[in-house]
Amino acid sequence: MRTLLNKLKDIEQHVFGTAAPGDALVFDARIIIDQDLADDVALQKEAYAVIKRYGRQQLRAELETVHQQVFTQARHQSFKQKITALFK
Amino acid sequence: MAAHTLSAYQRQQVFTDLYLSAFPSVARYVSRRGGSFDEAKDVFQDAMLVWYEKAVAGQIPQNDKAYLMGIAKHLWVKRYEVNKRYIPLDDAGNSADIFDLTEKHPVTNRIMHYLQSTGQKCMDLLKSFYYDKLPMKDIAENFGFSGERSATVQKFKCLEKVREAVKCKGLIYEDFVE
(Lines give C-alpha, C1' and ligand atoms only; values in the text may rest on other atoms or scores of the structure.)
Protein backbone atom coordinates (compact mmCIF):
# COMPACT_ATOMS: atom_id res chain seq x y z
CA MET A 1 0.00 0.00 0.00
CA ARG A 2 2.84 2.35 0.89
CA THR A 3 4.43 1.83 -2.53
CA LEU A 4 1.12 2.48 -4.26
CA LEU A 5 0.53 5.69 -2.33
CA ASN A 6 4.03 6.89 -3.15
CA LYS A 7 3.38 6.23 -6.81
CA LEU A 8 0.15 8.24 -6.67
CA LYS A 9 2.00 11.04 -4.91
CA ASP A 10 4.78 11.08 -7.55
CA ILE A 11 2.21 11.20 -10.34
CA GLU A 12 0.33 13.97 -8.57
CA GLN A 13 3.46 16.08 -8.28
CA HIS A 14 4.11 15.51 -11.97
CA VAL A 15 0.56 16.45 -13.01
CA PHE A 16 0.45 19.60 -10.85
CA GLY A 17 4.06 20.51 -11.51
CA THR A 18 5.01 20.55 -7.83
CA ALA A 19 7.95 18.13 -7.94
CA ALA A 20 11.48 19.34 -7.28
CA PRO A 21 13.23 20.18 -10.61
CA GLY A 22 15.58 17.16 -10.46
CA ASP A 23 12.78 14.73 -9.61
CA ALA A 24 10.60 16.18 -12.34
CA LEU A 25 13.32 15.55 -14.91
CA VAL A 26 13.73 11.93 -13.84
CA PHE A 27 9.97 11.39 -13.86
CA ASP A 28 9.61 12.85 -17.36
CA ALA A 29 12.29 10.43 -18.57
CA ARG A 30 10.58 7.47 -16.89
CA ILE A 31 7.29 8.25 -18.63
CA ILE A 32 9.01 8.08 -21.99
CA ILE A 33 10.45 4.62 -21.42
CA ASP A 34 7.71 3.12 -19.25
CA GLN A 35 4.33 2.82 -21.00
CA ASP A 36 2.65 1.47 -17.84
CA LEU A 37 3.64 4.60 -15.98
CA ALA A 38 2.39 6.76 -18.85
CA ASP A 39 -0.96 4.93 -18.68
CA ASP A 40 -1.01 5.46 -14.92
CA VAL A 41 -0.54 9.18 -15.38
CA ALA A 42 -3.40 9.30 -17.89
CA LEU A 43 -5.62 7.36 -15.47
CA GLN A 44 -4.87 9.74 -12.65
CA LYS A 45 -5.68 12.74 -14.85
CA GLU A 46 -9.05 11.09 -15.56
CA ALA A 47 -9.58 10.68 -11.82
CA TYR A 48 -8.90 14.40 -11.27
CA ALA A 49 -11.42 15.21 -14.00
CA VAL A 50 -14.05 13.10 -12.21
CA ILE A 51 -13.33 14.90 -8.92
CA LYS A 52 -13.59 18.29 -10.61
CA ARG A 53 -16.90 17.34 -12.12
CA TYR A 54 -18.13 16.16 -8.73
CA GLY A 55 -17.00 19.47 -7.21
CA ARG A 56 -18.91 21.45 -9.81
CA GLN A 57 -22.00 19.33 -9.33
CA GLN A 58 -21.93 19.99 -5.58
CA LEU A 59 -21.27 23.70 -6.10
CA ARG A 60 -24.23 23.98 -8.47
CA ALA A 61 -26.41 22.35 -5.82
CA GLU A 62 -25.21 24.90 -3.25
CA LEU A 63 -25.94 27.76 -5.65
CA GLU A 64 -29.42 26.40 -6.29
CA THR A 65 -30.07 26.33 -2.54
CA VAL A 66 -28.99 29.97 -2.24
CA HIS A 67 -31.18 30.88 -5.23
CA GLN A 68 -34.22 29.26 -3.63
CA GLN A 69 -33.52 31.06 -0.36
CA VAL A 70 -33.19 34.56 -1.78
CA PHE A 71 -36.36 34.08 -3.79
CA THR A 72 -38.51 32.60 -1.03
CA GLN A 73 -37.40 34.03 2.32
CA ALA A 74 -39.48 36.92 3.63
CA ARG A 75 -36.41 39.02 4.48
CA HIS A 76 -35.43 39.09 0.80
CA GLN A 77 -38.90 40.17 -0.34
CA SER A 78 -37.80 43.50 -1.83
CA PHE A 79 -34.97 41.78 -3.73
CA LYS A 80 -37.43 39.32 -5.21
CA GLN A 81 -39.82 42.09 -6.23
CA LYS A 82 -37.03 44.07 -7.86
CA ILE A 83 -35.97 41.09 -9.98
CA THR A 84 -39.48 39.92 -10.81
CA ALA A 85 -40.37 43.40 -12.07
CA LEU A 86 -37.59 43.16 -14.68
CA PHE A 87 -39.21 40.20 -16.40
CA LYS A 88 -42.84 41.35 -16.54
CA MET B 1 -11.79 37.63 1.06
CA ALA B 2 -9.95 34.35 1.41
CA ALA B 3 -12.26 31.97 -0.39
CA HIS B 4 -9.85 29.09 0.08
CA THR B 5 -10.56 29.03 3.81
CA LEU B 6 -14.34 28.99 3.57
CA SER B 7 -16.41 26.29 5.18
CA ALA B 8 -19.64 25.19 3.50
CA TYR B 9 -21.63 27.48 5.81
CA GLN B 10 -19.40 30.50 5.13
CA ARG B 11 -19.58 29.74 1.43
CA GLN B 12 -23.34 29.95 1.59
CA GLN B 13 -23.09 33.37 3.26
CA VAL B 14 -20.71 34.62 0.57
CA PHE B 15 -22.90 33.28 -2.23
CA THR B 16 -25.98 34.90 -0.68
CA ASP B 17 -24.20 38.27 -0.44
CA LEU B 18 -23.04 37.98 -4.06
CA TYR B 19 -26.53 37.02 -5.18
CA LEU B 20 -28.07 40.04 -3.49
CA SER B 21 -25.44 42.48 -4.74
CA ALA B 22 -24.65 41.20 -8.25
CA PHE B 23 -27.69 39.37 -9.57
CA PRO B 24 -29.88 42.49 -10.08
CA SER B 25 -27.39 43.98 -12.59
CA VAL B 26 -27.09 40.70 -14.47
CA ALA B 27 -30.87 40.24 -14.51
CA ARG B 28 -31.33 43.80 -15.82
CA TYR B 29 -28.77 43.20 -18.57
CA VAL B 30 -30.44 39.96 -19.65
CA SER B 31 -33.98 41.34 -19.49
CA ARG B 32 -33.02 44.34 -21.67
CA ARG B 33 -31.81 41.92 -24.30
CA GLY B 34 -35.05 40.00 -24.31
CA GLY B 35 -33.85 37.17 -22.09
CA SER B 36 -35.91 35.32 -19.52
CA PHE B 37 -35.55 35.00 -15.77
CA ASP B 38 -34.28 31.42 -16.16
CA GLU B 39 -31.67 32.52 -18.69
CA ALA B 40 -30.48 35.23 -16.30
CA LYS B 41 -30.30 32.68 -13.52
CA ASP B 42 -28.29 30.27 -15.70
CA VAL B 43 -25.65 32.75 -16.81
CA PHE B 44 -25.38 34.15 -13.29
CA GLN B 45 -24.89 30.77 -11.65
CA ASP B 46 -22.29 29.78 -14.22
CA ALA B 47 -20.55 33.10 -13.63
CA MET B 48 -20.55 32.32 -9.88
CA LEU B 49 -18.97 28.95 -10.63
CA VAL B 50 -16.20 30.61 -12.66
CA TRP B 51 -15.74 33.20 -9.88
CA TYR B 52 -15.47 30.48 -7.24
CA GLU B 53 -12.88 28.46 -9.14
CA LYS B 54 -10.81 31.59 -9.67
CA ALA B 55 -11.12 32.60 -6.02
CA VAL B 56 -10.02 29.24 -4.60
CA ALA B 57 -7.07 29.30 -7.01
CA GLY B 58 -5.96 32.46 -5.20
CA GLN B 59 -6.91 34.83 -8.02
CA ILE B 60 -9.60 36.76 -6.22
CA PRO B 61 -11.05 39.53 -8.40
CA GLN B 62 -10.67 43.06 -6.99
CA ASN B 63 -14.29 43.86 -7.64
CA ASP B 64 -16.48 40.78 -7.29
CA LYS B 65 -19.62 42.44 -8.62
CA ALA B 66 -17.90 43.82 -11.74
CA TYR B 67 -16.16 40.51 -12.35
CA LEU B 68 -19.42 38.54 -12.15
CA MET B 69 -21.10 41.02 -14.47
CA GLY B 70 -18.24 40.69 -16.98
CA ILE B 71 -18.39 36.90 -16.98
CA ALA B 72 -22.19 36.87 -17.20
CA LYS B 73 -22.11 39.25 -20.21
CA HIS B 74 -19.51 37.07 -21.91
CA LEU B 75 -21.60 33.94 -21.33
CA TRP B 76 -24.75 35.68 -22.51
CA VAL B 77 -23.18 36.87 -25.76
CA LYS B 78 -21.53 33.51 -26.35
CA ARG B 79 -24.74 31.57 -25.86
CA TYR B 80 -27.62 33.73 -26.88
CA GLU B 81 -26.41 36.45 -29.21
CA VAL B 82 -23.53 35.18 -31.33
CA ASN B 83 -25.29 32.10 -32.61
CA LYS B 84 -28.83 33.27 -31.95
CA ARG B 85 -29.49 29.96 -30.39
CA TYR B 86 -29.04 28.55 -26.96
CA ILE B 87 -26.06 26.31 -26.32
CA PRO B 88 -26.01 24.84 -22.81
CA LEU B 89 -22.72 25.55 -21.07
CA ASP B 90 -21.91 21.89 -20.72
CA ASP B 91 -22.10 21.45 -24.50
CA ALA B 92 -20.62 24.75 -25.54
CA GLY B 93 -17.62 23.77 -27.61
CA ASN B 94 -14.11 22.80 -26.69
CA SER B 95 -12.26 26.07 -26.29
CA ALA B 96 -9.76 26.04 -23.48
CA ASP B 97 -10.60 29.41 -21.93
CA ILE B 98 -11.77 29.80 -18.36
CA PHE B 99 -15.38 29.86 -19.47
CA ASP B 100 -15.15 26.39 -20.82
CA LEU B 101 -17.03 24.22 -18.38
CA THR B 102 -17.37 21.43 -20.90
CA GLU B 103 -17.36 17.92 -19.54
CA LYS B 104 -15.10 15.99 -21.85
CA HIS B 105 -15.81 12.57 -20.45
CA PRO B 106 -19.32 11.30 -21.16
CA VAL B 107 -18.74 8.21 -19.05
CA THR B 108 -18.14 10.18 -15.87
CA ASN B 109 -21.86 10.34 -15.05
CA ARG B 110 -21.92 6.64 -14.40
CA ILE B 111 -18.57 6.67 -12.64
CA MET B 112 -19.71 9.48 -10.37
CA HIS B 113 -22.95 7.74 -9.56
CA TYR B 114 -21.00 4.63 -8.65
CA LEU B 115 -18.52 6.57 -6.51
CA GLN B 116 -21.23 8.51 -4.73
CA SER B 117 -23.07 5.35 -3.83
CA THR B 118 -19.96 3.57 -2.60
CA GLY B 119 -17.95 6.34 -1.03
CA GLN B 120 -19.58 9.70 -0.44
CA LYS B 121 -17.12 10.57 2.32
CA CYS B 122 -14.19 9.83 0.04
CA MET B 123 -15.61 12.02 -2.72
CA ASP B 124 -16.24 14.85 -0.26
CA LEU B 125 -12.70 14.58 1.07
CA LEU B 126 -11.26 14.65 -2.46
CA LYS B 127 -13.49 17.58 -3.38
CA SER B 128 -12.32 19.53 -0.32
CA PHE B 129 -8.71 19.12 -1.34
CA TYR B 130 -8.73 19.24 -5.13
CA TYR B 131 -11.75 21.43 -5.89
CA ASP B 132 -12.28 23.65 -2.84
CA LYS B 133 -8.50 23.65 -2.28
CA LEU B 134 -8.85 23.66 1.50
CA PRO B 135 -5.61 23.29 3.49
CA MET B 136 -4.95 19.72 4.63
CA LYS B 137 -5.01 20.91 8.23
CA ASP B 138 -8.64 22.04 7.87
CA ILE B 139 -9.56 18.86 6.02
CA ALA B 140 -8.11 16.74 8.83
CA GLU B 141 -10.25 18.65 11.33
CA ASN B 142 -13.43 18.58 9.24
CA PHE B 143 -13.20 14.86 8.56
CA GLY B 144 -12.05 13.84 12.02
CA PHE B 145 -8.49 12.69 11.30
CA SER B 146 -5.80 12.78 13.95
CA GLY B 147 -3.59 14.98 11.80
CA GLU B 148 -2.56 16.12 8.35
CA ARG B 149 -0.50 13.01 7.77
CA SER B 150 -3.35 10.54 8.22
CA ALA B 151 -5.67 12.78 6.22
CA THR B 152 -3.12 12.80 3.40
CA VAL B 153 -2.82 9.01 3.43
CA GLN B 154 -6.61 8.75 3.32
CA LYS B 155 -6.75 11.26 0.47
CA PHE B 156 -4.47 9.05 -1.64
CA LYS B 157 -6.47 5.94 -0.73
CA CYS B 158 -9.60 7.72 -1.91
CA LEU B 159 -7.84 8.86 -5.07
CA GLU B 160 -6.95 5.24 -5.76
CA LYS B 161 -10.66 4.34 -5.43
CA VAL B 162 -11.51 6.88 -8.11
CA ARG B 163 -8.69 5.60 -10.31
CA GLU B 164 -9.99 2.07 -9.93
CA ALA B 165 -13.52 3.18 -10.79
CA VAL B 166 -12.27 4.97 -13.90
CA LYS B 167 -10.25 1.93 -14.86
CA CYS B 168 -13.09 -0.56 -14.38
CA LYS B 169 -15.98 1.50 -15.65
CA GLY B 170 -14.25 3.75 -18.12
CA LEU B 171 -14.00 1.44 -21.07
CA ILE B 172 -16.94 -0.84 -21.46
CA TYR B 173 -18.88 -1.48 -24.62
CA GLU B 174 -21.84 0.79 -23.78
CA ASP B 175 -19.55 3.78 -23.66
CA PHE B 176 -18.74 3.44 -27.32
CA VAL B 177 -22.36 3.33 -28.40
CA GLU B 178 -23.71 6.11 -26.17
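Below, chains carry the letters A, B, ... as their sequence lines are ordered, and counting in each starts from 1. These numbers come from the heavy atoms of this one structure, side chains and all, not from hydrogens, waters or symmetry mates.
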Nearest atoms (heavy-atom pairs only) where A:Phe87 meets B:Ala27
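Scanning both residues completely, I find the closest heavy atoms to be CZ-O, 3.5 Å.
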Locate the shortest heavy-atom distance separating B:Tyr19 from A:Phe79; write the atom from each residue and the value.
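So the minimum-distance heavy-atom pair works out to O-CE1, 3.6 Å.
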Could you tell me which portion of [X] (side chain, backbone, both or neither) has an atom closer than 4.5 angstrom to a non-hydrogen atom of chain B?
X: A:Tyr54; value: both
X: A:Lys7; value: side chain
X: A:Thr84; value: neither
X: A:Leu86; value: both
X: A:Glu12; value: side chain

Starting at [atom1] of [X], measure out to [atom2] of [Y] and round the result to the nearest 0.5 Å.
X: B:Lys41; Y: A:Leu63; atom1: NZ; atom2: CG; answer: 10.0 Å
X: A:Lys52; Y: B:Tyr130; atom1: NZ; atom2: OH; answer: 14.5 Å
X: B:Leu159; Y: A:Gln44; atom1: CG; atom2: CD; answer: 4.5 Å
X: A:Ile51; Y: B:Cys122; atom1: CD1; atom2: SG; answer: 9.5 Å

Counting neighbours of CZ on B:Arg149 that are heavy atoms of other residues, nucleotides or ligands and sit closer than 6.0 Å, is the number greater than 12?
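No.
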Among B:Arg32, B:Glu160, B:Met48, which has the most heavy-atom pairs under 4.5 Å with chain A?
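Most heavy-atom pairs under 4.5 Å with chain A: B:Glu160.
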Quick one: of B:Ser36, B:Gly35, B:Ala40, who has the most non-hydrogen atom pairs under 4.5 Å with chain A?
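Of B:Ser36, B:Gly35, B:Ala40, B:Ser36 has the most heavy-atom pairs under 4.5 Å with chain A.
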Under 4.5 Å from any heavy atom of chain A, what part of B:Lys157 do you find: side chain, backbone, both or neither?
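It is both, since atoms from each part get that close.
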Does any backbone or side-chain atom of B:Phe44 lie under 4.5 Å from a heavy atom of chain A? Answer side chain, backbone, both or neither.
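The answer is neither part of B:Phe44.
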What about [X] and [Y], same hydrophobic cluster or not, with Ile/Leu/Val/Met/Phe/Trp/Tyr joined at side-chain heavy-atom distances under 4.5 Å?
X: A:Val26; Y: A:Ile31; answer: no
X: B:Ile139; Y: A:Phe16; answer: yes
X: A:Leu25; Y: A:Leu37; answer: no

Less than 4.5 Å apart, any side-chain heavy atom of [X] and any of [Y]?
X: A:Gln58; Y: B:Met123; result: no
X: B:Arg163; Y: A:Ile11; result: yes
X: A:Val70; Y: B:Phe23; result: no

With respect to chain B, which residue among A:Glu64, A:Gln69, A:His67 yields the maximal number of heavy-atom pairs within a distance under 4.5 Å?
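Heavy-atom pairs under 4.5 Å are most numerous for A:His67.
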Just do the side-chain contact (heavy atoms from CB on, under 4.5 Å) check on B:Thr152 and A:Leu5 with the steps written out, would you?
CA-CA 10 Å; B:Thr152 302; A:Leu5 298 187; over 6 Å; no
Determine whether B:Gln45 and A:Arg60 satisfy the following criterion, side-chain hydrogen bond (donor to acceptor under 3.5 Å, both in side chains), listing intermediate values before the conclusion.
CA-CA 8 Å; B:Gln45 292 202 351; A:Arg60 284 185 195 282; 6.0 Å; no
